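Worksheet: one structure, shown below.
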Amino acid sequence: MPDRAKSSAAKSDIVIAGAGYVGLTVAVAIAEAAPGLSVRVVDAAPEGVWTKDERASALSAAAVRMLSRLGVWQEVESESQPITEMIVTDSRTSDPVRPVFLTFAGDARPGEPFAHMAPNTALIRALRKRAEALGVAIDMGTPVSGISLEEPAATVSLADGRTIEARLLVACDGRKSKLREWAGIGTVSWDYGQSGIVATVRHERPHNGLAQEHFLPSGPFAVLPLPDNRASLVWTEPTRAAERLMAADDLIFEAELEQRFGHKLGPLRLEGGRRAYPLNLIIARDFVRPRLALAGDAAHGIHPIAGQGLNLGLKDAAALAETVVEAARLGLDIGALDVLERYQRWRRFDTLSMGATTDVLNRLFSNDNALLRTVRDFGLSLVDRAPPLKSYFIDQAAGFGRGARPRLLEGEAI
Amino acid sequence: MTEAKPSTIDANEIDRFSRLAREWWNPAGKFKPLHKFNPVRLDYIREQVCMNFGLDLKDLKPFEGLRILDIGCGGGLICEPMARLGASVVGADASETNIEVAKIHAAQSDLAIDYRATTSEDLERAGETFDVVLALEIVEHVSDVDLFLSSCAKMVKPGGLLFVATINRTLKAGAMAIFGAEYVLRWLPRGTHQYSKLVRPQEIEAPVLAAGLDVIDETGVVYNPLSDSFRRSSDIDVNYMILSRRPREGEMSEAAASKPPRKRRTPARRKAPKAG
């Protein structure tokens, strides 16, 4: 083994597979706090593919604090839409008027909206700019073709024939993570039999920063405000129905959409394409191996009902970066299992509880059972009338739930 | 730089050492307690060294330019972090096997560390001096505590630091560190520690003060079973660390400055644990 150290492979302290928001945030957070560590990001997608993403994402107040601290949010803010109010309804699709059971208004902290909607391209562009300014190397169009976690280093083979040795390899390569599979880490998964349709609409009247979540019998239907008179939709249907909707022509799709969207915001027009994503819950049995850490969707994919998938991923990034930087400042080996286990302990509980909560919410609401409807409406109206419960939910939505939070999510430096 | 020095041991021996190196460095293996103990010790060392020499705590290589001795270095669990932090490190251990094991692992980690199978007395006799001397979990294993500590203290350069970490000779330590760790949790092989060889703080301070150092800090280390980790505490009944410093020339020694000679801070220590 000693001859391995003298081999000709390129070296990097940290290699991150996946240049999505989680991978880039890990890179930026580490490079900013510990400029002495070399960080390289590789991604299979050819350069420029990310600019075609038409989706927008909800960012909790905690995530916004972190991105501000990292010098990223400043670039995204002008393109984002603050969410200042949120209503929740429980109704049948055909109900002409949907009684509002729950309204959340106000800020996470004074002057700080509890969430923002930001276009994915703006977020990725700002993260890449910051990463490059901090000296992070980003190789697009560079798939990983294999890994070895044999001590003393992780060895990453790239499809272009290069080999990189790293003290720590971070897998941010999504739900179907190849790195997770190669490391032999199993997953626990559950298929909801539902698909989420994502689309953007332009409407006539202003939304005033109002987000809406309608619990329809077929599944939740969320309307999230975007800059100008536009909104991002997350429309959940049983997979069969979603397939039919995806195959339908624009006229039929828009008619179905209008029936769910309502007429409060005036006439609608679809902007750009529509895409459907099968919904499943998937959680990795382990988040770490010696020299390997999973983060973001590679570690867990949850039901998007509460809009927390991206925020969980950013929490992973904050916790992993803090763990790695603190270990490096103590002179510890950043890829050693005992170091990485601190990250795993930190993130697993939160992930499991968020996964379970969103799962229960979905099961509770995605049906038309009269008894359940009465029970859940009673519950929602209770929440609406009890300020402590309500502020608990606002805190959850804003990303300020209980438990020791990574410093970046408090807006502090590592 | 990272190559092990030429030695006379054969290939079978190297295999054995490589196996032992994996064992030493496996955080879930035989040396698990030392791995769990490491972050709290390293954090204390880093903080105190940075404070003493005016270094930046957030720097990844704050110890550049410092010469550090780790006496009783074992497989190098402390030497490697010290080298990563930028120090020029001498690791000494009386066991040839430990030294060979440590050399193999340092080469794998790409670190240059000067490992020597020797004793503190021999190093001191050879006129070696250091900015920082670390004697961690070792005094309870030496045959002559006074002789050992005074040789360690003499190697500390003016303005430099000596860290001593060990287990107190109290009933609580006997119950927790010996009965608990060796018999109940089986963290350590039975017989690792003998009660009579445990060392009280006073027994460390006497030879250190006699060698001209000032005792500048002491801290306890306690185990938290909920988080399965160690943290610093004012409770020094079981694990504790004592930090002393050799005054620079012309600098008033703490002992000389305060008459009568500095008293142990026993009362303050007694009050604090209740608060936590």
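Numbered from 1 within each chain, the chains take letters A, B, ... in sequence-line order. Remember, predicted model here, so these are calculated numbers, not experimental data.
Salt-bridge check for Asp56(B) with Lys58(B): failed, with every basic side-chain N at 4.0 Å or more from each acidic carboxylate O. For Arg67(B) and Glu128(B), the salt-bridge test passes: some basic side-chain N is under 4.0 Å from an acidic carboxylate O. Here Arg232(B) pairs with Asp43(B) in a salt bridge; the nearest charged N to carboxylate O distance falls below 4.0 Å.
Interface remark: Ala328(A) contributes backbone and side-chain atoms alike to the contact with chain B (heavy atom separation under 4.5 Å). Only the backbone of Leu57(B) comes within less than 4.5 Å of a heavy atom in chain A; its side chain stays farther off. For Pro39(B), the parts sitting under 4.5 Å from any heavy atom of chain A are the backbone and the side chain alike. Heavy atoms closer than 4.5 Å to chain B are found in both the backbone and the side chain of Leu37(A).
Heavy-atom pairs under 4.5 Å with chain B were tallied for Leu332(A), Val325(A), Leu337(A); the largest tally goes to Leu332(A). Note on Glu341(A), Arg345(A), Arg167(A), Arg329(A): by heavy-atom pairs under 4.5 Å with chain B, the leading option is Arg329(A).
Between Met66(A) and Ala318(A), the shortest heavy-atom contact is SD-CB, 3.5 Å.
His300(A) and Asp316(A) are linked by a side-chain donor-acceptor pair at a separation below 3.5 angstrom, with hydrogens and angles left out of the test.
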